[in-house]
2 protein chains.
Amino acid sequence: MAPTSKVSSEKIVAKSLVDVVTERLEDAIVAGDLVPGERILEQVLANEMGISRGPLREAIRRLEGRRLLERKPNIGVRVAELSPERLNELLTVREALEGMACRIAATKMTDAEIQDLEKLLNAHARDVSSSSGYYQQSGDFDFHFRIAQSTGNEFLISMVTGDLYDLLRVYRYKSSTMGGRAEEALNEHKKIVAALAAHDPDAAEAAMREHISNARIHAKRAFEEAAAADKADAS
Amino acid sequence: MAPTSKVSSEKIVAKSLVDVVTERLEDAIVAGDLVPGERILEQVLANEMGISRGPLREAIRRLEGRRLLERKPNIGVRVAELSPERLNELLTVREALEGMACRIAATKMTDAEIQDLEKLLNAHARDVSSSSGYYQQSGDFDFHFRIAQSTGNEFLISMVTGDLYDLLRVYRYKSSTMGGRAEEALNEHKKIVAALAAHDPDAAEAAMREHISNARIHAKRAFEEAAAADKADAS
DNA sequence: TCGGTTTTTAGTGTAGACAGTTTGCAAAGT
DNA sequence: ACTTTGCAAACTGTCTACACTAAAAACCGA
(Lines give C-alpha, C1' and ligand atoms only; values in the text may rest on other atoms or scores of the structure.)
Protein backbone atom coordinates (compact mmCIF):
# COMPACT_ATOMS: atom_id res chain seq x y z
CA MET A 1 0.00 0.00 0.00
CA ALA A 2 1.09 3.54 -0.74
CA PRO A 3 4.16 2.78 -2.85
CA THR A 4 4.14 6.45 -3.80
CA SER A 5 6.56 9.11 -2.77
CA LYS A 6 6.91 10.73 0.61
CA VAL A 7 7.64 8.80 3.75
CA SER A 8 4.17 7.34 3.80
CA SER A 9 1.37 9.64 4.67
CA GLU A 10 -0.52 6.84 6.34
CA LYS A 11 -1.47 7.48 9.86
CA ILE A 12 0.59 5.22 12.04
CA VAL A 13 -2.15 4.06 14.28
CA ALA A 14 -0.21 1.27 15.92
CA LYS A 15 -3.19 -0.99 16.11
CA SER A 16 -2.78 -3.69 18.68
CA LEU A 17 -3.20 -7.32 17.81
CA VAL A 18 -6.52 -7.28 19.61
CA ASP A 19 -7.80 -4.60 17.26
CA VAL A 20 -6.78 -6.59 14.22
CA VAL A 21 -8.25 -9.78 15.56
CA THR A 22 -11.48 -8.01 16.48
CA GLU A 23 -11.88 -6.83 12.91
CA ARG A 24 -11.07 -10.21 11.47
CA LEU A 25 -13.59 -11.88 13.73
CA GLU A 26 -16.17 -9.26 12.90
CA ASP A 27 -15.64 -9.74 9.19
CA ALA A 28 -15.79 -13.50 9.54
CA ILE A 29 -19.11 -13.29 11.34
CA VAL A 30 -20.60 -10.74 9.00
CA ALA A 31 -19.37 -12.60 5.93
CA GLY A 32 -20.87 -15.80 7.22
CA ASP A 33 -17.59 -17.70 7.63
CA LEU A 34 -18.64 -18.12 11.20
CA VAL A 35 -22.26 -19.19 11.09
CA PRO A 36 -24.69 -18.06 13.80
CA GLY A 37 -24.97 -20.59 16.55
CA GLU A 38 -21.58 -22.04 15.73
CA ARG A 39 -19.30 -22.74 18.65
CA ILE A 40 -15.90 -21.16 18.71
CA LEU A 41 -12.96 -23.10 20.10
CA GLU A 42 -10.43 -20.65 21.37
CA GLN A 43 -7.32 -22.76 20.90
CA VAL A 44 -8.30 -23.84 17.41
CA LEU A 45 -9.13 -20.34 16.24
CA ALA A 46 -5.99 -18.96 17.86
CA ASN A 47 -3.87 -21.50 15.99
CA GLU A 48 -5.59 -20.69 12.72
CA MET A 49 -4.83 -17.04 13.21
CA GLY A 50 -1.33 -17.73 14.41
CA ILE A 51 -1.75 -15.99 17.74
CA SER A 52 -2.15 -16.98 21.33
CA ARG A 53 -5.39 -17.20 23.23
CA GLY A 54 -4.94 -14.00 25.22
CA PRO A 55 -5.54 -11.46 22.49
CA LEU A 56 -8.22 -13.64 20.95
CA ARG A 57 -10.12 -13.78 24.21
CA GLU A 58 -9.91 -10.02 24.58
CA ALA A 59 -11.25 -9.56 21.08
CA ILE A 60 -14.09 -11.92 21.89
CA ARG A 61 -14.96 -9.93 24.99
CA ARG A 62 -15.31 -6.82 22.91
CA LEU A 63 -17.63 -8.46 20.46
CA GLU A 64 -19.61 -9.79 23.40
CA GLY A 65 -20.20 -6.20 24.40
CA ARG A 66 -21.43 -5.53 20.90
CA ARG A 67 -23.69 -8.55 20.97
CA LEU A 68 -22.12 -10.31 18.03
CA LEU A 69 -20.90 -13.12 20.26
CA GLU A 70 -22.38 -14.81 23.30
CA ARG A 71 -20.47 -16.60 26.01
CA LYS A 72 -21.69 -19.03 28.60
CA PRO A 73 -19.32 -19.42 31.56
CA ASN A 74 -17.26 -22.58 31.39
CA ILE A 75 -19.11 -23.67 28.29
CA GLY A 76 -17.86 -21.62 25.42
CA VAL A 77 -18.48 -18.87 22.91
CA ARG A 78 -21.06 -18.99 20.18
CA VAL A 79 -21.88 -16.66 17.32
CA ALA A 80 -25.07 -14.81 18.20
CA GLU A 81 -28.15 -16.64 17.04
CA LEU A 82 -30.41 -15.06 14.45
CA SER A 83 -34.17 -15.02 14.53
CA PRO A 84 -36.98 -13.07 12.88
CA GLU A 85 -37.91 -11.63 16.28
CA ARG A 86 -34.41 -10.36 16.85
CA LEU A 87 -34.24 -8.84 13.39
CA ASN A 88 -37.53 -7.13 14.04
CA GLU A 89 -36.18 -5.77 17.31
CA LEU A 90 -33.07 -4.48 15.65
CA LEU A 91 -34.98 -2.69 12.94
CA THR A 92 -37.34 -1.15 15.44
CA VAL A 93 -34.41 0.37 17.27
CA ARG A 94 -32.97 1.47 13.98
CA GLU A 95 -36.23 3.14 13.10
CA ALA A 96 -36.11 5.16 16.29
CA LEU A 97 -32.47 6.16 15.94
CA GLU A 98 -32.42 6.97 12.26
CA GLY A 99 -35.70 8.79 12.55
CA MET A 100 -34.11 11.03 15.14
CA ALA A 101 -30.99 11.39 13.02
CA CYS A 102 -33.05 12.46 10.05
CA ARG A 103 -34.95 14.95 12.18
CA ILE A 104 -31.73 16.58 13.28
CA ALA A 105 -30.33 16.42 9.77
CA ALA A 106 -33.29 18.47 8.54
CA THR A 107 -32.17 21.36 10.70
CA LYS A 108 -28.42 20.94 10.41
CA MET A 109 -27.71 19.83 6.88
CA THR A 110 -26.34 22.45 4.57
CA ASP A 111 -27.81 22.96 1.14
CA ALA A 112 -24.55 21.77 -0.36
CA GLU A 113 -24.78 18.51 1.53
CA ILE A 114 -28.34 18.03 0.42
CA GLN A 115 -27.36 18.59 -3.17
CA ASP A 116 -24.69 15.93 -2.80
CA LEU A 117 -27.33 13.61 -1.50
CA GLU A 118 -29.46 14.28 -4.53
CA LYS A 119 -26.53 13.52 -6.82
CA LEU A 120 -26.03 10.28 -4.97
CA LEU A 121 -29.64 9.39 -5.56
CA ASN A 122 -29.36 10.06 -9.27
CA ALA A 123 -26.38 7.78 -9.46
CA HIS A 124 -28.35 5.16 -7.63
CA ALA A 125 -31.24 5.48 -10.03
CA ARG A 126 -28.96 4.18 -12.77
CA ASP A 127 -27.94 1.21 -10.66
CA VAL A 128 -31.52 0.37 -9.99
CA SER A 129 -32.50 0.42 -13.63
CA SER A 130 -29.51 -1.71 -14.50
CA SER A 131 -30.42 -3.86 -11.53
CA SER A 132 -26.79 -4.19 -10.60
CA GLY A 133 -27.76 -4.86 -7.04
CA TYR A 134 -25.21 -2.32 -5.95
CA TYR A 135 -27.84 -0.13 -4.48
CA GLN A 136 -28.90 -2.72 -1.96
CA GLN A 137 -25.47 -2.77 -0.50
CA SER A 138 -23.11 0.08 -0.03
CA GLY A 139 -25.34 2.54 -1.86
CA ASP A 140 -28.03 2.28 0.73
CA PHE A 141 -25.46 2.40 3.50
CA ASP A 142 -23.89 5.50 2.03
CA PHE A 143 -27.22 7.28 2.02
CA HIS A 144 -27.99 6.51 5.63
CA PHE A 145 -24.40 7.13 6.62
CA ARG A 146 -24.42 10.67 5.30
CA ILE A 147 -27.59 11.57 7.09
CA ALA A 148 -26.32 10.20 10.39
CA GLN A 149 -23.00 11.94 9.87
CA SER A 150 -24.61 15.31 9.35
CA THR A 151 -26.10 15.31 12.85
CA GLY A 152 -22.66 15.76 14.36
CA ASN A 153 -23.81 13.53 17.22
CA GLU A 154 -20.88 11.18 17.62
CA PHE A 155 -22.75 8.82 19.83
CA LEU A 156 -25.68 8.55 17.48
CA ILE A 157 -23.37 8.13 14.52
CA SER A 158 -21.46 5.28 16.10
CA MET A 159 -24.67 3.47 16.93
CA VAL A 160 -26.23 3.82 13.52
CA THR A 161 -23.18 3.26 11.35
CA GLY A 162 -21.32 1.00 13.75
CA ASP A 163 -22.87 -1.42 16.16
CA LEU A 164 -26.36 -1.55 14.71
CA TYR A 165 -25.14 -1.72 11.15
CA ASP A 166 -22.83 -4.64 11.86
CA LEU A 167 -25.60 -6.55 13.50
CA LEU A 168 -27.83 -6.04 10.51
CA ARG A 169 -25.15 -7.06 8.07
CA VAL A 170 -25.18 -10.50 9.65
CA TYR A 171 -28.72 -10.90 8.45
CA ARG A 172 -27.97 -9.66 4.99
CA TYR A 173 -25.47 -12.40 4.42
CA LYS A 174 -27.56 -15.09 6.02
CA SER A 175 -30.26 -14.77 3.48
CA SER A 176 -31.59 -12.31 1.03
CA THR A 177 -33.82 -10.85 3.70
CA MET A 178 -32.86 -7.37 2.81
CA GLY A 179 -33.14 -6.14 -0.69
CA GLY A 180 -35.57 -6.90 -3.43
CA ARG A 181 -37.02 -3.48 -2.82
CA ALA A 182 -34.62 -1.36 -4.80
CA GLU A 183 -37.22 0.68 -6.59
CA GLU A 184 -39.42 1.30 -3.57
CA ALA A 185 -36.37 2.14 -1.49
CA LEU A 186 -35.18 4.65 -4.03
CA ASN A 187 -38.54 6.40 -4.03
CA GLU A 188 -38.56 6.49 -0.26
CA HIS A 189 -35.07 7.94 -0.30
CA LYS A 190 -36.26 10.65 -2.64
CA LYS A 191 -39.04 11.51 -0.27
CA ILE A 192 -36.56 11.80 2.56
CA VAL A 193 -34.33 14.11 0.60
CA ALA A 194 -37.30 16.27 -0.30
CA ALA A 195 -38.13 16.68 3.38
CA LEU A 196 -34.51 17.49 4.15
CA ALA A 197 -34.42 20.06 1.38
CA ALA A 198 -37.50 21.69 2.86
CA HIS A 199 -35.75 21.66 6.25
CA ASP A 200 -38.86 20.13 7.73
CA PRO A 201 -37.87 18.03 10.77
CA ASP A 202 -41.25 16.38 11.26
CA ALA A 203 -41.57 15.35 7.64
CA ALA A 204 -37.96 14.18 7.53
CA GLU A 205 -38.35 12.00 10.58
CA ALA A 206 -41.65 10.60 9.35
CA ALA A 207 -40.22 9.79 5.93
CA MET A 208 -37.21 8.01 7.38
CA ARG A 209 -39.37 6.06 9.78
CA GLU A 210 -41.67 4.95 7.04
CA HIS A 211 -38.71 3.88 4.95
CA ILE A 212 -37.25 1.71 7.69
CA SER A 213 -40.62 0.46 8.78
CA ASN A 214 -41.30 -0.75 5.26
CA ALA A 215 -37.91 -2.44 5.19
CA ARG A 216 -38.72 -4.05 8.50
CA ILE A 217 -41.99 -5.47 7.37
CA HIS A 218 -40.47 -6.64 4.11
CA ALA A 219 -37.48 -8.22 5.85
CA LYS A 220 -39.62 -9.92 8.42
CA ARG A 221 -41.77 -11.58 5.80
CA ALA A 222 -38.79 -12.57 3.65
CA PHE A 223 -36.97 -14.00 6.64
CA GLU A 224 -39.92 -16.04 7.80
CA GLU A 225 -40.49 -17.38 4.32
CA ALA A 226 -36.83 -18.33 4.05
CA ALA A 227 -36.99 -20.03 7.42
CA ALA A 228 -40.08 -21.94 6.34
CA ALA A 229 -38.31 -23.03 3.18
CA ASP A 230 -35.34 -24.23 5.21
CA LYS A 231 -37.64 -26.28 7.34
CA ALA A 232 -39.25 -27.82 4.28
CA ASP A 233 -35.82 -28.75 2.95
CA ALA A 234 -35.05 -30.68 6.07
CA SER A 235 -37.91 -33.05 5.47
CA MET B 1 -35.00 -17.56 48.58
CA ALA B 2 -36.48 -21.02 48.69
CA PRO B 3 -35.35 -22.04 52.17
CA THR B 4 -37.63 -25.00 51.78
CA SER B 5 -36.68 -28.63 51.53
CA LYS B 6 -34.63 -30.24 48.82
CA VAL B 7 -30.99 -29.67 48.23
CA SER B 8 -31.14 -26.04 47.17
CA SER B 9 -33.07 -24.98 44.16
CA GLU B 10 -30.93 -21.89 43.68
CA LYS B 11 -29.52 -21.47 40.27
CA ILE B 12 -25.81 -21.96 40.35
CA VAL B 13 -24.77 -19.28 37.95
CA ALA B 14 -21.04 -19.80 38.18
CA LYS B 15 -20.11 -16.28 37.23
CA SER B 16 -16.63 -16.06 35.93
CA LEU B 17 -14.06 -13.80 37.47
CA VAL B 18 -14.32 -11.54 34.46
CA ASP B 19 -18.02 -11.03 35.12
CA VAL B 20 -17.35 -10.07 38.72
CA VAL B 21 -14.55 -7.73 37.80
CA THR B 22 -16.66 -6.12 35.09
CA GLU B 23 -19.36 -5.33 37.61
CA ARG B 24 -16.90 -3.99 40.15
CA LEU B 25 -15.32 -1.76 37.56
CA GLU B 26 -18.68 -0.58 36.35
CA ASP B 27 -19.78 0.26 39.88
CA ALA B 28 -16.52 2.03 40.58
CA ILE B 29 -16.92 4.20 37.51
CA VAL B 30 -20.57 4.94 38.10
CA ALA B 31 -20.00 5.64 41.79
CA GLY B 32 -17.20 8.03 40.93
CA ASP B 33 -14.41 6.04 42.57
CA LEU B 34 -12.80 6.07 39.19
CA VAL B 35 -13.08 9.64 37.97
CA PRO B 36 -13.59 10.38 34.29
CA GLY B 37 -10.34 11.01 32.53
CA GLU B 38 -8.42 9.09 35.15
CA ARG B 39 -5.84 6.70 33.91
CA ILE B 40 -6.06 3.08 34.91
CA LEU B 41 -2.88 1.12 35.57
CA GLU B 42 -3.55 -2.52 34.93
CA GLN B 43 -1.03 -3.95 37.33
CA VAL B 44 -2.01 -1.63 40.16
CA LEU B 45 -5.71 -2.24 39.78
CA ALA B 46 -5.15 -5.97 39.45
CA ASN B 47 -3.20 -6.00 42.71
CA GLU B 48 -5.88 -4.02 44.47
CA MET B 49 -8.48 -6.52 43.37
CA GLY B 50 -6.25 -9.45 44.12
CA ILE B 51 -6.34 -10.86 40.62
CA SER B 52 -4.02 -11.07 37.67
CA ARG B 53 -4.01 -8.81 34.68
CA GLY B 54 -5.65 -11.27 32.29
CA PRO B 55 -9.20 -11.21 33.58
CA LEU B 56 -8.92 -7.50 34.31
CA ARG B 57 -7.96 -6.79 30.73
CA GLU B 58 -10.87 -8.84 29.46
CA ALA B 59 -13.24 -6.93 31.70
CA ILE B 60 -11.79 -3.69 30.41
CA ARG B 61 -12.36 -4.80 26.83
CA ARG B 62 -16.00 -5.36 27.58
CA LEU B 63 -16.43 -1.93 29.06
CA GLU B 64 -14.65 -0.50 26.06
CA GLY B 65 -17.41 -1.96 23.93
CA ARG B 66 -19.91 -0.23 26.17
CA ARG B 67 -18.03 3.05 25.94
CA LEU B 68 -17.37 3.41 29.64
CA LEU B 69 -13.66 3.05 29.11
CA GLU B 70 -11.35 4.17 26.34
CA ARG B 71 -8.06 2.62 25.42
CA LYS B 72 -5.26 4.05 23.36
CA PRO B 73 -2.87 1.41 22.04
CA ASN B 74 0.39 1.25 23.96
CA ILE B 75 -0.68 4.18 26.06
CA GLY B 76 -3.30 3.03 28.49
CA VAL B 77 -6.89 2.96 29.56
CA ARG B 78 -8.86 5.95 30.74
CA VAL B 79 -12.32 6.38 32.14
CA ALA B 80 -14.47 7.94 29.46
CA GLU B 81 -14.38 11.71 29.59
CA LEU B 82 -17.50 13.66 30.36
CA SER B 83 -18.63 16.77 28.61
CA PRO B 84 -21.84 18.72 28.16
CA GLU B 85 -21.80 17.85 24.48
CA ARG B 86 -21.55 14.17 25.19
CA LEU B 87 -24.32 14.34 27.73
CA ASN B 88 -26.47 16.11 25.21
CA GLU B 89 -25.72 13.43 22.67
CA LEU B 90 -26.61 10.70 25.10
CA LEU B 91 -29.90 12.25 26.01
CA THR B 92 -30.79 12.81 22.39
CA VAL B 93 -30.35 9.12 21.73
CA ARG B 94 -32.31 8.33 24.84
CA GLU B 95 -35.09 10.57 23.63
CA ALA B 96 -35.32 8.60 20.41
CA LEU B 97 -35.21 5.20 22.05
CA GLU B 98 -37.51 5.84 24.96
CA GLY B 99 -39.91 7.67 22.71
CA MET B 100 -40.15 4.55 20.59
CA ALA B 101 -40.44 2.38 23.69
CA CYS B 102 -43.31 4.49 24.95
CA ARG B 103 -45.04 4.31 21.59
CA ILE B 104 -44.92 0.54 21.63
CA ALA B 105 -45.94 0.45 25.27
CA ALA B 106 -49.09 2.34 24.41
CA THR B 107 -50.21 -0.54 22.24
CA LYS B 108 -48.83 -3.41 24.30
CA MET B 109 -49.25 -2.48 27.93
CA THR B 110 -52.09 -4.19 29.74
CA ASP B 111 -54.52 -2.18 31.83
CA ALA B 112 -53.18 -3.94 34.92
CA GLU B 113 -49.66 -2.78 34.15
CA ILE B 114 -50.87 0.74 33.62
CA GLN B 115 -52.63 0.71 36.94
CA ASP B 116 -49.43 -0.42 38.60
CA LEU B 117 -47.71 2.48 36.96
CA GLU B 118 -50.30 4.85 38.37
CA LYS B 119 -49.78 3.42 41.84
CA LEU B 120 -46.08 3.95 41.43
CA LEU B 121 -46.71 7.56 40.56
CA ASN B 122 -48.86 8.10 43.64
CA ALA B 123 -46.12 6.70 45.81
CA HIS B 124 -43.69 9.04 44.12
CA ALA B 125 -45.94 11.99 44.76
CA ARG B 126 -45.35 11.51 48.49
CA ASP B 127 -41.62 11.38 48.02
CA VAL B 128 -41.70 14.58 46.07
CA SER B 129 -43.68 16.44 48.72
CA SER B 130 -41.36 15.18 51.41
CA SER B 131 -38.51 16.09 49.09
CA SER B 132 -36.69 12.92 50.04
CA GLY B 133 -34.85 12.99 46.79
CA TYR B 134 -35.68 9.36 46.30
CA TYR B 135 -37.67 10.11 43.24
CA GLN B 136 -34.71 11.46 41.36
CA GLN B 137 -32.96 8.17 41.69
CA SER B 138 -34.45 4.74 41.54
CA GLY B 139 -38.01 6.01 41.36
CA ASP B 140 -37.44 7.63 38.04
CA PHE B 141 -35.50 4.65 36.82
CA ASP B 142 -38.29 2.32 37.89
CA PHE B 143 -40.81 4.29 35.87
CA HIS B 144 -38.77 4.26 32.70
CA PHE B 145 -37.73 0.68 33.29
CA ARG B 146 -41.31 -0.57 33.38
CA ILE B 147 -42.22 1.16 30.18
CA ALA B 148 -39.21 -0.22 28.35
CA GLN B 149 -39.88 -3.67 29.77
CA SER B 150 -43.44 -3.70 28.52
CA THR B 151 -42.31 -3.47 24.90
CA GLY B 152 -40.95 -7.00 25.04
CA ASN B 153 -38.17 -5.84 22.75
CA GLU B 154 -35.09 -7.34 24.42
CA PHE B 155 -32.70 -5.30 22.38
CA LEU B 156 -34.43 -2.05 23.11
CA ILE B 157 -34.70 -2.95 26.79
CA SER B 158 -31.03 -3.69 27.13
CA MET B 159 -30.11 -0.40 25.51
CA VAL B 160 -32.41 1.74 27.58
CA THR B 161 -31.98 0.05 30.94
CA GLY B 162 -28.45 -1.17 30.43
CA ASP B 163 -25.84 0.55 28.36
CA LEU B 164 -27.44 3.96 28.07
CA TYR B 165 -28.51 4.04 31.67
CA ASP B 166 -25.05 3.23 32.96
CA LEU B 167 -23.56 5.96 30.86
CA LEU B 168 -26.01 8.47 32.25
CA ARG B 169 -25.41 7.39 35.82
CA VAL B 170 -21.85 8.54 35.48
CA TYR B 171 -23.15 12.05 35.00
CA ARG B 172 -25.53 11.83 37.91
CA TYR B 173 -22.71 11.17 40.33
CA LYS B 174 -20.39 13.67 38.80
CA SER B 175 -22.63 16.56 39.66
CA SER B 176 -26.22 17.24 40.39
CA THR B 177 -26.88 17.71 36.72
CA MET B 178 -29.90 15.51 36.89
CA GLY B 179 -32.63 16.22 39.35
CA GLY B 180 -33.92 19.44 40.78
CA ARG B 181 -36.95 18.89 38.63
CA ALA B 182 -38.90 16.49 40.81
CA GLU B 183 -42.22 18.25 40.54
CA GLU B 184 -42.05 18.90 36.83
CA ALA B 185 -40.87 15.37 36.20
CA LEU B 186 -43.77 13.95 38.14
CA ASN B 187 -46.25 15.97 36.15
CA GLU B 188 -44.64 14.85 32.93
CA HIS B 189 -44.81 11.27 34.08
CA LYS B 190 -48.49 11.68 34.76
CA LYS B 191 -49.01 12.94 31.27
CA ILE B 192 -47.21 9.92 29.89
CA VAL B 193 -49.34 7.53 31.90
CA ALA B 194 -52.47 9.29 30.70
CA ALA B 195 -51.41 8.73 27.11
CA LEU B 196 -50.63 5.10 27.83
CA ALA B 197 -54.01 4.63 29.49
CA ALA B 198 -55.64 6.03 26.38
CA HIS B 199 -53.53 3.61 24.31
CA ASP B 200 -52.56 6.49 22.11
CA PRO B 201 -49.14 5.76 20.56
CA ASP B 202 -48.57 9.21 19.11
CA ALA B 203 -49.42 10.99 22.33
CA ALA B 204 -47.38 8.54 24.37
CA GLU B 205 -44.31 8.99 22.25
CA ALA B 206 -44.70 12.75 22.21
CA ALA B 207 -45.12 12.92 26.00
CA MET B 208 -42.05 10.80 26.64
CA ARG B 209 -39.99 12.80 24.20
CA GLU B 210 -41.01 16.04 25.78
CA HIS B 211 -40.13 14.65 29.18
CA ILE B 212 -36.66 13.63 28.18
CA SER B 213 -36.14 16.72 26.10
CA ASN B 214 -36.92 18.88 29.12
CA ALA B 215 -34.50 16.84 31.19
CA ARG B 216 -31.91 17.28 28.49
CA ILE B 217 -32.24 21.03 28.39
CA HIS B 218 -32.23 21.23 32.15
CA ALA B 219 -29.22 18.96 32.49
CA LYS B 220 -27.31 20.80 29.84
CA ARG B 221 -27.75 24.11 31.61
CA ALA B 222 -26.98 22.68 35.04
CA PHE B 223 -23.89 20.96 33.74
CA GLU B 224 -22.56 24.05 32.04
CA GLU B 225 -23.18 26.15 35.12
CA ALA B 226 -21.39 23.61 37.26
CA ALA B 227 -18.48 23.59 34.84
CA ALA B 228 -18.34 27.36 34.92
CA ALA B 229 -18.34 27.31 38.71
CA ASP B 230 -15.49 24.81 38.71
CA LYS B 231 -13.53 27.08 36.48
CA ALA B 232 -14.16 30.04 38.76
CA ASP B 233 -12.94 28.01 41.72
CA ALA B 234 -9.69 27.34 39.99
CA SER B 235 -8.88 31.01 39.86
C1' DT C 1 20.75 27.83 30.15
C1' DC C 2 18.60 25.60 26.58
C1' DG C 3 17.88 22.26 22.85
C1' DG C 4 18.54 17.91 21.34
C1' DT C 5 19.95 13.09 22.03
C1' DT C 6 20.56 8.92 24.65
C1' DT C 7 19.35 6.04 28.49
C1' DT C 8 16.26 4.38 31.63
C1' DT C 9 12.07 2.73 33.37
C1' DA C 10 7.40 1.97 33.82
C1' DG C 11 3.60 -0.15 31.57
C1' DT C 12 1.28 -2.35 27.88
C1' DG C 13 1.18 -6.39 24.55
C1' DT C 14 1.71 -11.26 23.92
C1' DA C 15 2.82 -15.93 24.79
C1' DG C 16 2.85 -20.09 27.30
C1' DA C 17 1.88 -22.99 31.27
C1' DC C 18 -1.13 -24.68 34.79
C1' DA C 19 -5.61 -25.44 37.22
C1' DG C 20 -10.52 -26.25 37.35
C1' DT C 21 -14.98 -27.69 34.87
C1' DT C 22 -17.67 -29.78 31.84
C1' DT C 23 -18.95 -33.36 28.84
C1' DG C 24 -18.85 -37.56 26.55
C1' DC C 25 -17.80 -42.43 26.99
C1' DA C 26 -17.46 -46.73 28.90
C1' DA C 27 -17.99 -50.12 32.28
C1' DA C 28 -20.58 -51.93 36.03
C1' DG C 29 -24.73 -52.67 38.38
C1' DT C 30 -29.83 -53.26 38.41
C1' DA D 1 -31.74 -53.40 27.87
C1' DC D 2 -31.44 -49.35 30.69
C1' DT D 3 -29.68 -46.50 34.19
C1' DT D 4 -25.91 -45.06 36.91
C1' DT D 5 -21.36 -43.99 38.15
C1' DG D 6 -16.66 -43.32 37.52
C1' DC D 7 -13.03 -41.95 34.34
C1' DA D 8 -10.65 -39.39 30.85
C1' DA D 9 -10.13 -36.00 27.36
C1' DA D 10 -10.92 -31.44 25.97
C1' DC D 11 -11.71 -26.86 26.73
C1' DT D 12 -12.23 -22.79 29.39
C1' DG D 13 -10.44 -19.84 33.24
C1' DT D 14 -6.49 -17.92 35.43
C1' DC D 15 -1.77 -16.84 36.46
C1' DT D 16 3.16 -15.91 35.55
C1' DA D 17 6.87 -14.58 32.71
C1' DC D 18 8.87 -12.20 28.97
C1' DA D 19 9.09 -8.85 24.85
C1' DC D 20 8.18 -4.48 23.10
C1' DT D 21 6.78 0.35 23.11
C1' DA D 22 6.62 4.95 24.59
C1' DA D 23 7.07 8.47 27.81
C1' DA D 24 10.27 10.44 31.29
C1' DA D 25 14.82 11.43 32.97
C1' DA D 26 19.49 12.15 32.56
C1' DC D 27 23.15 13.61 29.83
C1' DC D 28 25.88 16.19 26.64
C1' DG D 29 27.07 19.91 23.54
C1' DA D 30 26.37 24.43 22.15
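All figures in this text were calculated on a predicted structure; none of them were measured in a lab. Labels below follow one simple rule: chain letters A, B, ... track the order of the sequence lines, proteins then strands, and each chain is numbered from 1.
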Legend entry - Selection from D/dG13, D/dA22, C/dT12 that lies nearest to any side-chain heavy atom of B/I75: D/dA22
Legend entry - Sugar-phosphate, base or nothing in reach of A/L56, heavy atoms under 4.0 Å: nothing
Legend entry - Between D/dC15 (P) and A/R57 (CZ): distance, integer Å: 11 Å
Inset, instruction - Can you tell me the distance, in whole Å, between the CD1 atom of A/I51 and the C1' atom of C/dA15? - result: 11 Å
Legend entry - d(CG, B/N47; C1', C/dT12) in whole Å: 15 Å
Inset, instruction - Please state how far atom CD in A/E58 lies from atom P in C/dT12, giving the value in whole angstrom units. - result: 12 Å
Inset, instruction - State which residue, out of B/R103, B/H144, B/M100, fulfils the side chain to side chain contact (heavy atoms under 4.5 Å, CB included) condition with B/M208. - result: B/H144
Legend entry - Gap between atoms NZ and P, on B/K72 and D/dA23 respectively (whole Å): 10 Å
Legend entry - Value in whole Å for how far the C1' atom of D/dA24 lies from CZ of B/R39: 12 Å
Inset, instruction - On DNA chain C, check which nucleotide each of B/G76 and A/P55 is closest to and give me the residue with the more 5' one. - result: B/G76
Legend entry - Parallel, tilted or perpendicular: ring planes of A/H189 versus A/F143, cut at 30 and 60 degrees: parallel
Inset, instruction - Using whole Å, report how far CD of A/E64 lies from C1' of D/dT12. - result: 13 Å
In a table with atom names and distances, give each donor-acceptor pair under 3.5 Å that connects a side chain of residues 26-36 of chain B to protein atoms at least two apart or in another chain.
{"unit_1": "B/E26", "atom_1": "OE2", "unit_2": "B/R66", "atom_2": "NH2", "d": "3.3"}

Inset, instruction - Select one nucleotide: of D/dG13, D/dC11, D/dT21, the one nearest the side-chain heavy atoms of A/L41. - result: D/dC11
Inset, instruction - Looking at every strand, decide which applies to B/L45 at a 4.0 Å heavy-atom threshold: base, sugar-phosphate, or nothing. - result: nothing
Legend entry - Selected nucleotide, minimal atom distance to A/N74 side chain, candidates D/dT14, C/dA15, C/dT21: C/dT21
Inset, instruction - Take atom CD of B/E42 and atom P of C/dT14, then tell me their distance rounded to the nearest Å. - result: 11 Å
Legend entry - Side chain to side chain, A/L87 and A/K220, heavy atoms closer than 4.5 Å: no
Legend entry - salt bridge (charged side-chain N to carboxylate O under 4.0 Å, His left out) partners of B/R209, counting only residues at least two apart: A/E205, B/E205
Inset, instruction - Check if the side chain of B/R53 and the base of C/dG13 share a donor-acceptor pair of N or O atoms closer than 3.5 Å. - result: yes
Inset, instruction - May I ask you to say what B/V77 touches in the nucleic acid, namely base, sugar-phosphate or nothing, with a heavy-atom cut-off under 4.0 Å? - result: nothing
